[in-house]
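Scroll down for the structure; my scribbles are underneath it.
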Amino acid sequence: MIVSRNPTDLDDVVLEVDGATADAFADAARAARAAQPVWAAVPAPIRGQAVANMAQIVAANKEALARLVTREVGKPYAEALGEVQEVVDTAQFFISEGRRLYGQTVPSEMPDKQLFTFRQPVGTAAIITAGNFPVAVPSWYIIPALLAGNAVVWKPAEYAPACGDALARLLVAAGLPDGVLTVVHGDGPSTFAGLERSLDEGLIDKVGFTGSTDVGREIGALCGRHLQSPCLELGGKNPLVVMADADLDLAVEGALFSGFGTAGQRCTSLGTAIVQEAVHDEFVLRLSAAVGRAPMGDPTQDVLFGPLMTERFLERFENEHLNLVRDHHALHGSTGTGRVTAQNPRDGFVGGDPERGLFAHPTLVTGVRVDDDIANTETFGPIVGVARFGDWEEAMALANGHGYGLSSAIYTRDAKHALRFREQVSAGMVSVNNSTSGAEAHLPFGGNGKSGNGSRQSGIWVLEQFTRWQSMNWDYAGKLQKAQMDVLELPADLAFAL
Ligand code: NAD
């Protein structure tokens, strides 16, 4: 049984649902396999009309879905509204892609012969997602996959099953035939077993996974054994470099939002602020004051961040991530560390009793060095490191040394610094004078290294994940023409010299 609780008030049970067995996962994949050719036969512009319906239906339910996001994962309501808007934006982007899905006509090296390319749906896709963006990130997979003529089995995070069910119901209401989009619930082991069984039986053609790097490795290995390349969108350790010429207030505002928005539980959350020597102390002073006065608490109110999303995240934050702090570090930013309780209060906590939920003090850790564990570990919670640097090479070692490569930011007024940073940073996404987080539905999203296998979501780029190129040649010469052998040779004089 999967029990999802409101992380602001653990007595509030949001949903209890039976977890699927490996058999049930495979059954859903079998139903998707049966439904997919019927869906693929619907003309792409009509599938685009289904996506238009999705945009309209989700927009009409924006507030209700956002309230559920806030209740189930504790995301501040304003942010939850933004998250639902991202689903609408994604659908709006893909509506007219149904009228494109262009292929090419390609010249042949022989006369009376024409070459073409076509985009083909991959078939059935298994999508497994984290719960920190319980509707936006799944929509990045599901909407383009459906538009391209695939059927989808979706396994939402076990701490966001109600959001999963709600979004799926809204999308199915757009006119999808039975079996084209199915939700299964389950924990990690049962999901892995179900996926393995489905792959063994040849029921799944593409896996899309968003989650932690460790699980991504397991899924990548499983897919590799089945000769499939999954879409892997994994963790991050996102740097934010502050140059001495930066607008410091802007950098502080960006660091606060990047590091502590969603209580640090974004894949794009700020890991380490890397600050040039000359402005380091002033930056720490201002950021620490901003963290200290940042409104945190009940996510239905006007707060920067609410609770940790699930008990597992709070336990890991207290028992693993706070343990990465060493003697050479100093802590700033709050009236305590760890869980907010009556004995360990947070000044200005917004809302009722914090002990009813999973709230943690925001923590700023200064004195971070390139080899520190905290500089190299994704800390999925309200904790941000600050490191100082003298020269550019030191800054880049801190920005890239951890081996992740998801998002990054630089604050500077000098175009040379911004462009050099873009060239040298390992991240798939770079912000200049803006936060490390914040995606748009039509810009490629994804990472490198420990952050993913180079797949990209959003915009036209994700279509490479959910379609395969098929080439066709059509010979109307009336005789067998052989490529590379029957080609016209030009009477060139290659020995010609002036
Ligand atoms: P997680 O890896 O624990 O779980 C993600 C999903 O995978 C869940 O649905 C879970 O049930 C399932 N799962 C867990 N173990 C599995 C297994 N062995 N086989 C198959 N499925 C399994 O991740 P999480 O803790 O829920 O989410 C946080 C992580 O996700 C962070 O590392 C964060 O950076 C990452 N994330 C990445 C992106 C991105 O786009 N790059 C976006 C959001 C979150």
Side-chain angles (χ1 to χ4, degrees), residues 2 4 17 19-20 22 25 72-73 75 83 86 126-141 153-161 163-164 183-199 204 207-223 230-238 262-271 308-317 320-321 377-381 402 404-407 427-429 436-439 443-458 462 465:
I2 289 172
S4 146
V17 63
F25 194 111
E72 191 165 45
V73 298
K75 194 171 276 205
E83 166 146 10
E86 178 71 6
I127 305 301
I128 301 167
T129 48
N132 59 336
F133 283 90
V135 295
V137 166
S139 80
W140 289 351
Y141 290 109
V153 176
W154 174 30
K155 209 300 282 182
E158 54 273 48
Y159 50 93
C163 288
V183 171
V184 292
H185 294 293
D187 59 11
S190 70
T191 303
F192 191 87
L195 185 63
E196 189 169 36
R197 169 124 4 133
S198 305
L199 284 163
I204 295 292
V207 177
F209 172 76
T210 293
S212 59
T213 300
D214 286 346
V215 176
R217 279 201 180 93
E218 286 179 45
I219 290 186
L222 175 63
C223 290
C231 192
L232 297 176
E233 304 294 341
L234 311 176
K237 186 70 187 176
N238 309 296
T262 327
Q265 301 161 104
R266 299 183 190 132
C267 52
T268 53
S269 288
L270 167 58
L308 278 292
M309 295 182 178
T310 178
E311 271 155 327
R312 173 166 68 94
F313 290 174
L314 179 63
E315 273 165 30
R316 194 175 52 184
F317 180 71
E320 294 178 29
H321 298 151
T377 308
E378 182 184 35
T379 49
F380 204 64
H402 41 68
Y404 290 92
L406 191 58
S407 81
M429 297 175 286
T436 53
S437 47
L443 195 66
F445 186 100
N448 306 314
K450 291 195 277 183
S451 296
N453 61 347
S455 54
R456 293 291 180 264
Q457 300 187 289
S458 294
V462 72
Q465 300 298 322

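All ligand and atom numbering here is 1-based and tracks the order in the structure. Everything numeric in this text was worked out from a predicted model, so none of it was measured.
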Under 4.0 angstrom from ligand 1, any heavy atom of [X]?
{"X": "Phe380", "result": "yes"}
{"X": "Gly452", "result": "no"}
{"X": "Leu195", "result": "no"}
{"X": "Ala157", "result": "yes"}

Side chain, backbone, both or neither: [X] near ligand 1, heavy atoms under 4.0 Å:
{"X": "Thr129", "value": "backbone"}
{"X": "Thr210", "value": "both"}
{"X": "Asn132", "value": "side chain"}

May I ask you to check whether [X] has an N/O atom sitting below 3.5 Å from an N/O atom of ligand 1?
{"X": "Arg266", "value": "no"}
{"X": "Lys155", "value": "yes"}
{"X": "Glu378", "value": "yes"}
{"X": "Ser212", "value": "yes"}
{"X": "Glu158", "value": "yes"}
{"X": "Glu218", "value": "yes"}

Who gets closest to atom 27 (O) of ligand 1 by heavy atom: Pro189, Ala193, Ala130, Ala126?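 Ranked by closest heavy atom to atom 27 (O) of ligand 1, first place is Ala130.
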Taking the minimum heavy-atom distance to atom 29 (C) of ligand 1, which of Gly211, Gly164, Gly194, Ala160 ranks first? Gly211
Show me which atoms of ligand 1 lie under 4.0 Å from any heavy atom of [X].
{"X": "Tyr159", "answer": "24 (P), 26 (O), 27 (O)"}
{"X": "Ile128", "answer": "6 (C), 7 (O), 9 (O), 12 (C), 21 (N)"}
{"X": "Ile219", "answer": "20 (C)"}

Hey, is the main chain of Glu158 close enough, under 3.5 Å, to the side chain of Asp187 for a donor-acceptor pair?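 Not confirmed, Asp187 side chain does not pair with Glu158 backbone.
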Strictly distance-based, threshold 3.5 Å: is any side-chain N or O of Gln465 a donor or acceptor partner for the main-chain N or O of Val462?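 No, Gln465 side chain to Val462 backbone: no donor-acceptor pair under 3.5 Å.
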Can a protein heavy atom be found under 4.0 Å away from atom 4 (O) of ligand 1? no
Taking the basic N atoms (NZ, or NE/NH1/NH2) and the acidic carboxylate oxygens, is any pair closer than 4.0 Å for Lys75 and Glu72? no
Between Tyr141 and Thr129, do the side chains contain a donor N or O and an acceptor N or O under 3.5 Å apart?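 The criterion, which ignores hydrogens and geometry beyond distance, is not satisfied for Tyr141 and Thr129.
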Plane angle bin for His402 and Tyr404 - parallel if under 30°, tilted between 30 and 60°, otherwise perpendicular: tilted
